[in-house]
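Beneath this line is the structure, given in structure tokens, with notes to follow.
Throughout, a chain's letter reflects where its sequence line sits, starting with A, and its residues are numbered from 1.
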Amino acid sequence: MESRILDDLNPAQREAAACIDGPLLIFAGAGTGKTRVITHRIAHLIYDIGIPPENILAVTFTNKAAGVMRERLVGLAEGSSHAAAAGRVFFATFHRFCAWLLRRHGEAVGIPKRFTIYDDADSLHVIRQILKSMNLESSIYRPAAIAAIIDRAKNDLRGPQDIEAAAEGPVEEKTAGIFVEYERRLRAAGALDFTDLLVFAVRLLESAEPVRKHLQEKFSYVLVDEYQDTNLAQYRLLRSLAAHGNLCVVGDDDQAIYSWRGADVRNILSFEKDFPAARVVKLEQNYRSTQGILDLAYRVIRNNRDRADKRLVTHLGPGDAPTVYAAADGYDEASFVSGRVRDLESDLPYNQMAVFFRMSAQSRLIEEEFLARGIPYVVVSGVGFYERREVKDLLAYLRVIANPADDAALERILNVPKRGIGDTSAAALAECARAAGVSQADMLNRLDQVGASAMVKKRLADLAHLLQELRRDAADRTIEETLRRTVAVTNYFDYLEKTDPPGFEERAANVQELYTVAQEFANRVGMAEGQPPLVAFIEELSLLTDADRADSSADRVSLMTLHAAKGQEFSAVFLIGLEEGSLPHASAFESDAELEEERRLCYVGITRAKRKLFLSHAYSRRIYGETRDDIRPSRFLEEAGVLEEARFQVVDTAAYRSFRRREAPERVSLNDDTIVRVPLDDDQAAFGVAPGDRIAHPHFGEGMLLRISGHAEDATATVKFDRAGRKRLKLAHAKLTRLS
DNA sequence: ATAGTGGGTGTTTTT
DNA sequence: CACCCACTAT
Ligand SMILES: Nc1ncnc2c1ncn2[C@@H]1O[C@H](COP(=O)(O)OP(=O)(O)OP(=O)(O)O)[C@@H](O)[C@H]1O
């Protein structure tokens with residue numbers, strides 16, 4: 001068992017990596033080498049102990065993390081005869097692992113082999129359809145809210161009955177019914193949404209003993225990174241899978257940031273109870289950051305009550321004090337960031353710099369600034385390649401080809417490109433299919449049963465024919481060829497050019513890029529695994545995210561959300577928008593638990609930095625197109641004493657001082673019912689109503705006018721109606737009458 | 001059937 | 001501001 005592999009670990013890490021049998025928890029703070037231990041432990045298992053690599057399953061949080069880990073593992077075997085073995089370890093996210101499992105054994109729980117994976121947009125689409133069929137208004141029953149409730153329930157392995165039982169309002173009550181119908185429609189379409197992958201995998205493992213036994217034998221060693229962010233479904237999956245006890249999990253309760261997705265930090269806190277005889281290894285030596293950065297991180301996270309205390313030490317020395325910049329506004333902040341990037345660029349490559357923010361929308365000002373300054377950057381979260389309309393359109397064609405039952409995909413392409421099949425015809429087709437109990441694609445081949453005009457039927461028949469040809473040809477063509485043929489027979493480029501002339505070039509380029517992705521996929525995967533390549537490709541696209549696609553070798557500054565930053569590290573980090581409402585986000589104000597999660601998010605951001613850390617906040621922001629001058633710095637900055645202490649460099653600006661002097665209007669948070677009695681400008685007063693008035697609206701009834709914002713035509717009243725709740729109404733339009 | 005208009009509405013975070 | 005929906009005019 002003598003091993004050079006473990007030489008580049010410190011004693012505590014080595015202990016963890018060398019402990020190969022039985023449950024093991026590595027519970028340690030940021031940058032202590034948890035991920036490194038996992039990688040070395042796998043290498044040790046294979047190269048020193050002789051465990052066949054295909055018996056090892058390593059679960060990561062993102063596909064990208066899986067890729068990085070695989071590379072590192074190969075790196076460790078460099079030059080040895082084992083190098084190829086590394087490729088046989090199964091690295092995957094939970095979702096990908098479940099998809100793999102269900103492709104093979106899903107039939108035991110009623111999932112067809114060629115199931116399709118519905119993404120968020122598909123799910124929302126289905127929910128909207130259901131709302132329509134139930135005659136529920138989507139303004140009250142907000143599809144996204146309903147989707148969130150359903151998704152959350154599924155992650156907790158709960159069903160419609162549980163939601164109904166726990167329902168607190170009308171929306172939740174109805175959600176149970178929508179949930180039932182949602183499930184029905186997905187099953188009928190042979191589709192699983194992201195969370196279904198987990199749900200059905202759990203169901204499969206817990207109900208089909210032969211499958212479970214087989215997997216337990218196959219994966220005799222299971223390792224899980226970022227265990228603090230696992231949810232109930234994932235936990236149950238691990239329990240079944242790793243009943244043999246050879247389960248190694250690593251994590252840090254201070255980095256639990258996915259509770260909104262059902263992740264439960266108690267999974268890691270009670271690991272010892274769940275897996276008796278578990279060994280626990282704690283690591284304290286941080287190898288990533290300088291002491292100044294770690295101190296600041298600690299000053300933030302220590303304010304969480306609900307945590308296991310951990311101190312981190314580093315021997316990288318004190319380093320540069322983190323810089324705090326108080327910006328006048330978002331533009332000022334952006335120019336601060338670009339200025340510092342310019343200062344740093346002689347010492348650091350761009351890809352060692354990153355800008356983090358709470359919400360994707362916050363990247364915009366930074367992007368504009370970088371564009372103007374010629375600083376190369378890449379946005380690694382937000383609307384990306386795979387969400388592009390053109391990519392999803394073509395993917396929908398592939399989906400229908402691979403799985404004719406995929407109604408969501410069919411509905412997407414029914415009239416894309418425009419072929420004169422409008423909402424009415426689409427609804428008729430859907431209704432007939434529903435009545436006949438078949439998929440809409442099947443219905444296309446039984447048009448005699450569809451009540452529609454001859455003209456429409458002809459168009460539907462043409463589509464059916466087109467799909468049939470594509471499907472027939474797909475059998476003996478490459479994916480790329482199928483894609484090209486689809487584009488050709490549908491005249492897809494013409495459609496793009498007609499519908500979006502200014503965006504045409506970019507969209508066409510994305511289509512080309514998709515060809516390349518298909519080609520690379522084919523080269524990489526070959527004909528392995530005996531799976532139809534088309535099905536495998538669609539799965540790949542469904543599970544990949546933009547972050548996975550980002551080429552880390554390209555020399556660009558990374559822009560990403562704090563959530564996307566987890567697990568990564570950069571020499572220089574900018575954490576922007578450190579303001580009340582943003583970080584912590586306004587939606588967390590009401591709940592201590594959520595505030596603590598926001599604080600952890602801040603902690604995660606800070607601890608990504610190796611040597612340079614810049615924190616910034618602005619006193620003025622545009623929110624909903626309105627400029628707000630009453631923005632306060634984040635409580636996290638205050639708690640940490642950052643704003644006063646000389647040990648941190650506080651950059652102040654003349655611009656900011658003048659902002660501070662200006663009289664701030666009464667503070668209003670987005671959710672409260674304060675009546676904002678600031679003097680109205682003449683154009684606002686002209687409407688004859690003022691904050692504090694009782695008013696009546698023809699549709700919403702009576703209410704209290706809370707505030708007026710905007711000017712002239714755009715003057716908008718915020719009214720709290722007695723029955724209809726809070727509404728915003730354009731004064732120029734809404735007929736408000738003043739009572740009393 | 002579709003394009004264009006003009007309301008109202010709402011905000012996280014992602015596999 | 002950006003998105004989504006309902007409505008109107010072609
Ligand atoms: N024993 C060691 N010797 C040298 N460098 C190390 C050692 N252990 C870890 N490192 C380095 O420290 C950095 C952080 O390691 P790693 O990403 O594994 O930490 P982590 O605990 O997973 O962090 P986090 O939880 O913050 O994502 C990496 O650059 C890694 O190479």
Side-chain angles (χ1 to χ4, degrees), chain A residues 59-66 92-99 117 119-120 124 128 131-132 137-140 142-145 148 151 155 193-198 226 229-231 233-234 257-263 356-362 364 380-384 386-387 415 418-426 453 455-456 459 498-499 542-548 560-566 577 581-589 594 597-598 600-601 604 621-627 670-671 699-700 710 713-714 716-718 725-730 732-734:
Chain A
V59 183
T60 57
F61 204 72
T62 60
N63 294 299
K64 187 177 178 186
T93 60
F94 275 105
H95 298 266
R96 192 178 282 274
F97 171 75
C98 292
I117 300 170
D119 67 11
D120 261 20
L124 283 176
R128 284 202 185 93
L131 289 174
K132 254 186 219 134
E137 265 197 70
S138 61
S139 54
I140 297 162
R142 290 183 14 245
D151 188 60
N155 274 306
D193 66 23
F194 284 126
T195 306
D196 282 332
L197 293 171
L198 305 176
E226 309 282 11
D229 275 321
T230 48
N231 61 34
Q234 294 164 332
I257 54 177
Y258 280 89
S259 70
W260 49 274
R261 206 167 77 184
F356 302 153
F357 32 81
R358 174 71 235 265
M359 293 174 283
S360 321
Q362 290 175 290
R364 262 199 32 201
V380 279
S381 40
V383 208
Y386 299 104
E387 270 94 60
N415 204 26
K418 300 254 142 63
R419 44 172 79 89
I421 303 170
D423 290 349
T424 332
S425 317
S453 70
M455 175 104 86
V456 168
R459 291 168 181 158
K498 251 191 242 123
T499 51
S542 305
L543 295 177
L544 271 187
T545 65
D546 229 44
D548 305 319
M560 66 185 92
T561 62
L562 286 162
H563 284 90
K566 178 157 93 153
S582 191
L583 188 69
H585 192 268
S587 58
F589 285 167
E594 286 178 51
E597 181 144 320
E598 297 291 309
R600 291 192 289 271
L601 221 28
V604 166
R621 287 276 180 204
R622 286 184 71 88
I623 298 173
Y624 295 160
E626 239 182 290
T627 302
L670 268 136
N671 302 321
H699 188 59
F700 297 124
E713 302 283 275
D714 290 330
T716 306
T718 304
R726 272 174 83 94
K727 300 271 173 215
R728 292 177 59 207
L729 308 158
K730 280 231 160 99
H733 216 259

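- A donor-acceptor pair under 3.5 Å is formed between the side chain of N63(A) and the backbone N or O of L543(A).
- Listed nucleotides: dT12(B), dT15(B), dT13(B). Nearest to the side chain of T561(A): dT13(B).
- Residue side chain H563(A) fails the stacking definition with respect to dT13(B), as its ring centre and the base's six-membered ring centre are not both under 5.5 angstrom apart and under 30 degrees in plane angle.
- Taking a pair as Watson-Crick or G-U wobble with both distances under 3.5 Å, DNA chain B forms stems of 3 or more consecutive pairs at B:1-10 with C:1-10.
- Comparing dC1(C), dT13(B), dT2(B) against the side chain of K418(A) picks out dT2(B) as the nearest.
- Using a distance-only test at 3.5 Å, with no hydrogens or angles considered, no donor-acceptor pair links the side chain of D151(A) to the main chain of A148(A).
- Side chain of A564(A), nearest nucleotide from dT2(B), dT14(B), dT12(B): dT14(B).
- N415(A) places a side-chain N or O within 3.5 Å of a backbone atom of I421(A) that can act as its donor or acceptor partner.
- Residue R364(A) is classed as a sugar-phosphate contact, given heavy-atom separations below 4.0 Å to backbone atoms only.
- For S425(A) and dA1(B), the shortest distance from a side-chain N or O to OP1 or OP2 is below 4.0 Å.
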Sub-3.5 Å pairs of nitrogen or oxygen atoms, protein against nucleotides 3-6 of chain C:
{"residue": "dC5(C)", "atom": "OP1", "partner": "R128(A)", "partner atom": "NE", "Å": "2.6"}

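- Side-chain contact of S587(A) with H585(A): a donor-acceptor pair under 3.5 Å is present, judged by distance alone.
- Map A144(A) and L543(A) each onto its nearest nucleotide of DNA chain B; the residue landing nearer the 5' end is A144(A).
- Residue D120(A) places its side chain closer to dT15(B) than to any other of dT15(B), dT12(B), dC1(C).
- Residue S582(A) is classed as having no contact, given no heavy-atom separation below 4.0 Å to the nucleic acid.
- The Y258(A) side chain lies nearest to dT14(B) when the options are dT13(B), dT14(B), dC1(C).
- Taking atom P on both nucleotides, dT13(B) is separated from dC4(C) by 15 Å, rounded to a whole Å.
- Closest approach to the W260(A) side chain among dT15(B), dT13(B), dC1(C) is made by dT13(B) (side chain taken as heavy atoms from C-beta onward).
- The salt bridge (Lys or Arg N to Asp or Glu O under 4.0 Å) test applied to R622(A) returns no partner, not counting sequence neighbours.
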